[in-house]
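Numbers here are sequence positions counted from 1. Numbering of ligands and ligand atoms starts at 1, following listing order. Any value given below was found using the heavy atoms of this structure, including those in side chains, with hydrogens, waters and symmetry copies removed.
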Amino acid sequence: MSGSAEPRYDAIVVGSGFGGCLAALGLIEAGMSVLMLERGGRVERSAANWGDEGAFVLTPHYTHESDYQLRSRRGWKPQGITACVGGPSIFYGGASFRFREADFSPPRELIGDSGAEWPISYSELEPFYSQVEELLHIAGEAGVDPTEPFRSRPFPAKPMPLAGPSPRIEEAGRALGLRPFRIPMAIDGAICRSCTTCDAFACAVSAKNDLATRLIPALIGMGMELRPGMVVSRLGEHGGRIGTVEAVDTATGEHTIFRSDRVVLAAGAIATPHLLLASRLERQNPGAEVVGRYLMRHCNAMMYGFFPRPTNPRDEHHKQLAFHDFYFGDEGRPGGLEKLGNIQQVMAPPTSLIRAMLPAVVGRPAAVLLRNLTGLLAVAEDQPRHGNGVTLGPGSPDRFGLPPARIEHQYTRRDLAARRALLTRAREILRRAGALFTVTYNVTTFSHAVGTVRMGEDPRRSALDPDCRFRGISNLWVTDGSVFPTSGGVNPSLTIAANALRVGRLIGAEG
Ligand SMILES: Cc1cc2nc3c(=O)[nH]c(=O)nc-3n(C[C@H](O)[C@H](O)[C@H](O)COP(=O)(O)OP(=O)(O)OC[C@H]3O[C@@H](n4cnc5c(N)ncnc54)[C@H](O)[C@@H]3O)c2cc1C
């Protein structure tokens, strides 16, 4: 084990995703020396990114699953977590929504007795949303989204023209009396070649404004040291402070002990509680019982309409339109749910991916039928439920010294009802656009995982204070999706990023 030769840093950031990068920016701006430790490696960019092997589901080296097990009906099964420089932003769809003002004061009907409460308001986060939109060069259109929150600055870029099936979806929505609007996207229209390999693929021409494209080179230019391929396995606490950060080099197996004055934990909503529990830090926290609990992931489903003719003959990118007419419930339906969520366009997977994933006998015809599909994704806000979360499992530690972790998650009846309500409306839109029938695919991944180390005012019901400092440990903060008390009804990355920038600046100002 090495250690003494390592310099001491002002701050160590664990994880290079949204939570890590945006917090790091605040620290570096304050003049701090920052080391970022990232478990994954760099994702190279070449035409291969768009090939069959480019999809993150087919590239096991961007996923580690040794430590995680998910409870299913048939027992425990391995659960992959994306690990690479920039985190899943490399493979994300780029949809960059702000939460609505009312997302920060969720109704009782949604939170139940979970004790979830946001200790910050939309207006406190608004300046950071604006800055992150600038940094990621978000293209959007203000003034159309019927639930749009206040914004102090215009979108930095204009969206690309509607393409493929989008005009047809827009027309159908309007015919139903709805108000379709443009999804704010982290895609640079000047570079984008409008292909359909966006969601789930790395962009070969760096048109997607992921973190490795847009922010990490700038952070390194400002002096940050990034060490990819380093798995943090333990945070060592002494006297109410983190004194050491232990990490293992994935290539050599060498253990290193790093030292710093501050630690920002941003390993994602599954790995962050895992690391806290593995380091037994919850014992310091008056809110110990929430560490690892209240895991949310949205109750998502993709609905595809089958059309008589190919929907996107020129193979153009078309994750472009969203509907928020039912974000705050659907008056036309009984049920009394005050919040539902978002409906947004989703592209049919590229035919190459379907051929690669399915046996040839099914894959070939499926790939042909795919041309006649276009889809909508329902993103339903889910409830914070104590029984959902990450705990340490039995068994021996893995080769990095991390104990096994187990994930348990069950949707509530309300979660499923919210998703059903959104899917009913999605079906109406697709049918009005001319779909002969629809098929639904329930999303089972943890791609929108949040909530496992939530912030709050009440020290017994939240593990982080309103500044996202881990209670009981004065120099430890959490800045990834773990911090969310509730999941909101839109994709989470922009809110994770805005909050991480807020916290990074707070830490920087404290000095
Ligand atoms: C295919 C896909 C599409 C998506 N599309 C969208 C979208 O369109 N819009 C949107 O808003 N969101 C989208 N998301 C979700 C979004 O990517 C996540 O919400 C977001 O990246 C989470 O950010 P985070 O900071 O919480 O953690 P992450 O971004 O997950 O970052 C955590 C980082 O920590 C690293 N790490 C983990 N453990 C360790 C350890 N022990 N030591 C060192 N490093 C460690 C990981 O490798 C990772 O890089 C998508 C996700 C996926 C997978």
Side-chain angles (χ1 to χ4, degrees), residues 12-23 36-43 55-57 62-64 67-68 80-99 136 138 183-187 198-202 208 210-212 216 226-235 245-248 250 264-276 278-279 297-298 300 319 322 342 344 346 349 377 379 398 400-402 405 443 445-453 478-484 487-488 490-497 499-500:
I12 289 179
V13 176
V14 182
S16 65
F18 285 101
C21 285
L22 274 299
M36 180 177 278
L37 297 170
E38 166 54 52
R39 155 170 214 149
R42 293 179 199 274
V43 178
F56 84 116
V57 282
Y62 302 141
T63 307
H64 61 88
D67 318 327
Y68 297 99
I81 306 283
T82 307
C84 58
V85 171
S89 82
I90 307 304
F91 302 100
Y92 85 149
S96 303
F97 288 98
R98 296 176 176 211
F99 273 19
L136 298 176
I138 303 299
I183 303 175
M185 291 296 285
I187 290 182
C198 209
D199 227 336
F201 291 77
K208 183 156 66 182
D210 60 69
L211 296 165
I216 291 174
L226 169 70
R227 295 219 195 164
M230 294 296 282
V231 178
V232 173
S233 55
R234 193 164 176 278
L235 306 178
V245 175
E246 296 180 31
V248 181
T250 54
V264 174
L265 189 47
I270 306 285
T272 281
H274 182 201
L275 203 42
L276 289 168
S279 306
R297 54 167 163 165
H298 285 149
N300 294 346
K319 187 178 170 78
N342 162 292
Q344 62 191 256
V346 64
L377 168 69
V379 177
D398 66 9
F400 307 114
L402 276 163
V443 175
T445 67
F446 284 83
S447 56
H448 286 189
V450 294
T452 45
V453 195
V478 176
T479 59
D480 54 37
S482 313
V483 310
F484 282 25
S487 66
V490 288
N491 319 48
S493 65
L494 201 76
T495 302
I496 297 171
N499 182 61

(request) Would you please name every residue forming a side-chain hydrogen bond (donor to acceptor under 3.5 Å, both in side chains) with Ser493, sequence neighbours left out? (result)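 Partners of Ser493 under the side-chain hydrogen bond (donor to acceptor under 3.5 Å, both in side chains) test: none.
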Below 4.0 angstrom from a heavy atom of [X], which ligand 1 atoms are there? Numbered from 1 as shown, please.
| X | value |
| --- | --- |
| Ile496 | 19 (O), 22 (C), 23 (O), 25 (O), 26 (O) |
| Val231 | 41 (N), 42 (N) |
| Gly15 | 33 (C), 34 (O), 35 (C) |
| Cys84 | 47 (O), 49 (O) |
| Asp480 | 24 (P), 25 (O), 26 (O) |
| Met230 | 42 (N), 43 (C) |
| Gly481 | 26 (O) |
| Ala83 | 47 (O) |

My understanding is that we take every heavy atom of each candidate and find the minimum distance to [atom]. Doing that for [options], which one comes out nearest?
| atom | options | result |
| --- | --- | --- |
| atom 11 (O) of ligand 1 | Gly41, Ser493, Ser89 | Ser493 |
| atom 27 (O) of ligand 1 | Pro184, Ala95, Gly17, Gly268 | Gly268 |
| atom 53 (C) of ligand 1 | Ala266, Cys21, Ser447 | Ser447 |

Which pair of heavy atoms, one from [X] and one from [Y], lies closest together, and at what distance?
| X | Y | value |
| --- | --- | --- |
| Met230 | Ala247 | CE-CB, 3.9 Å |
| Ser487 | Val450 | CB-CG2, 3.9 Å |
| Cys198 | Lys208 | O-NZ, 2.8 Å |

(request) Please list, chain by chain and in numerical order, all residues satisfying ring-ring contact (aromatic ring centres under 6.0 Å, His included) with Phe484, sequence neighbours excluded. (result)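 In terms of ring-ring contact (aromatic ring centres under 6.0 Å, His included), with neighbours along the sequence ignored, Phe484 is linked to Phe99, Trp118.
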Does [X] reach the side chain of [Y], with side-chain heavy atoms less than 4.5 Å apart?
| X | Y | result |
| --- | --- | --- |
| Leu226 | Val85 | yes |
| Leu211 | Ser16 | no |
| Leu494 | Phe97 | no |
| Ile138 | Met185 | no |
| Pro88 | Ser447 | no |
| Leu377 | Asn300 | yes |
| Asn491 | Tyr92 | no |

Does [X], backbone or side chain, put an N or O under 3.5 Å from an N or O of ligand 1?
| X | value |
| --- | --- |
| Glu38 | yes |
| Gly94 | yes |
| Ala269 | no |
| Gly93 | yes |
| Gly40 | no |
| Arg39 | yes |

(request) Indicate, as side chain, backbone, both or neither, the part of Leu37 found under 4.0 angstrom from ligand 1 when only non-hydrogen atoms are considered. (result)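 Looking at Leu37 and ligand 1, just backbone atoms fall under 4.0 Å.
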(message) Can you tell me which portion of Phe91 lies within the under-4.0 Å heavy-atom range of ligand 1? Options are side chain, backbone, both, or neither.
(response)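 The backbone, only.
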